[in-house]
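Keep in mind the model is a prediction, meaning the values are calculated, not measured. In the text below, chain A, chain B and the rest are named by the order of the sequence lines, each starting its count at 1.
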Amino acid sequence: MKIASFNINGIKARAEALPRWLDHAHPDVVVLQEIKSQDEAFPREMFEDRGYNVETHGQKGFNGVAILSKFPLEDVSRGLPGDDGDDQARWIEATVTGKRAIRICGMYLPNGNPAPGPKYDYKLAWMARLERRARDLLAAEEPAVMLGDYNIIPQAEDAARPEAWREDALFRLESREAFRRVVNLGFTDAFRARHHGPGHYTFWDYQAGAWRRNDGIRIDHLLLTPQAADLLRDCQIDSAERAGDKPSDHVPIWVDLDA
DNA sequence: ATGGCCTACGTAGTAGGA
């Protein structure tokens, strides 16, 4: 089962690039971030015509997440628990069943800039809620994948120019500590289980020729529970998508699970 | 050459992103 994450930076703007990638990569399950669309305006038919079931959690103008799946999407849940006053559309869950049932948790973690400040406080509070959800997923002792745009650069080797990000909300010590608190509960960073060393990125800024100069950062991640990690066969970043026509500033990242 | 973006909303110029 091929499970992917892709921050598309606007579903309307990606009406050509996203189907092109789907037809090339043939993922079974995709979590999308930054659909920047309300549920009613989401072009479901584009995906249903390709055999995907579609569940969205959108809002007007920005944010918004969705799940596409060739398997039925069961027990769908929208919103990260822990704050009923949070109306930002950043979290969606569902269960898909191939050979095994897999809980899919798709996220668009807050950016948090400028830091410090209220947006950074929101990011850290959101990550505290994420940790609580992560603990519950581990306690279930079932295969689960938390994947999406984490807006976290885990280590210096995950940025081409780490010194440029030192005080940024994506790389500040508190951000990395919060991410490691989640990972260290017992999750596997799927990409780092398969690849070592610097030079692996999932985001390149539109500005300043960042793609041409390979000035990237690795901020899209798939964290696996132990039961999911046991099924891991492969993990890859589809970086070639960044060179296509009208690309997102992020590229897809995926795992292949024996499920 | 030390360069300089993209999207939604809405129809001009902000807000937000990373």
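For the 3.5 Å distance criterion, the side chains of A:Q88 and A:N63 qualify, holding a donor opposite an acceptor. With hydrogens and angles left out, the side-chain atoms of A:T202 and A:D220 include a donor and acceptor closer than 3.5 Å. A donor-acceptor pair shorter than 3.5 Å cannot be found between the side chains of A:E163 and A:W165. A side-chain donor-acceptor contact under 3.5 Å links A:N214 and A:W204.
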Kindly list each side-chain donor-acceptor pair under 3.5 angstrom involving residues 71-78 of chain A, sequence neighbours excluded, with atom names and distances?
{"unit_1": "A:R78", "atom_1": "NE", "unit_2": "A:T56", "atom_2": "O", "d": "2.7"}
{"unit_1": "A:R78", "atom_1": "NH2", "unit_2": "A:E55", "atom_2": "OE1", "d": "2.6"}
{"unit_1": "A:R78", "atom_1": "NH2", "unit_2": "A:T56", "atom_2": "O", "d": "3.2"}

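Using atom P as the reference point in both B:dC6 and B:dA18, the two lie 16 Å apart (nearest Å). Separation of the P atoms belonging to B:dG4 and B:dA8 is 24 Å when rounded to the nearest angstrom. Distance noted for atom C1' between B:dT11 and B:dT7: 15 Å (whole Å). Nucleotides B:dG10 and B:dA15 place their P atoms 14 Å apart, quoted to the nearest Å.
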Encode nucleotides 7-18 of chain B as B, S and - characters from 5' to 3', where the letter depends on protein heavy atoms closer than 4.0 Å: B to the base, S only to sugar-phosphate, - to neither.
SSS------SSB

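Annotation: side-chain hydrogen bond (donor to acceptor under 3.5 Å, both in side chains) contacts involving residues 231-240 of chain A, sequence neighbours excluded, comprise A:W21-A:D238, A:R233-A:D256, A:R233-A:D258, A:D234-A:Q236, A:D238-A:W254. A side-chain hydrogen bond (donor to acceptor under 3.5 Å, both in side chains) check over residues 173-185 of chain A, counting only residues at least two apart or in different chains, returns the pairs A:Y120-A:S175, A:R172-A:E174.
In this structure, A:D215 places its CG atom 16 Å from P of B:dG4, rounding to the nearest Å.
Among residues two or more places apart in sequence or in another chain, the ring pair (Phe, Tyr, Trp, His ring centres under 6.0 Å) test is passed with A:F191 by A:H195, A:H200.
Looking at DNA chain B, the stems built from 3 or more consecutive Watson-Crick or G-U wobble pairs, each pair with its key distances under 3.5 Å, are B:5-9 with B:13-17.
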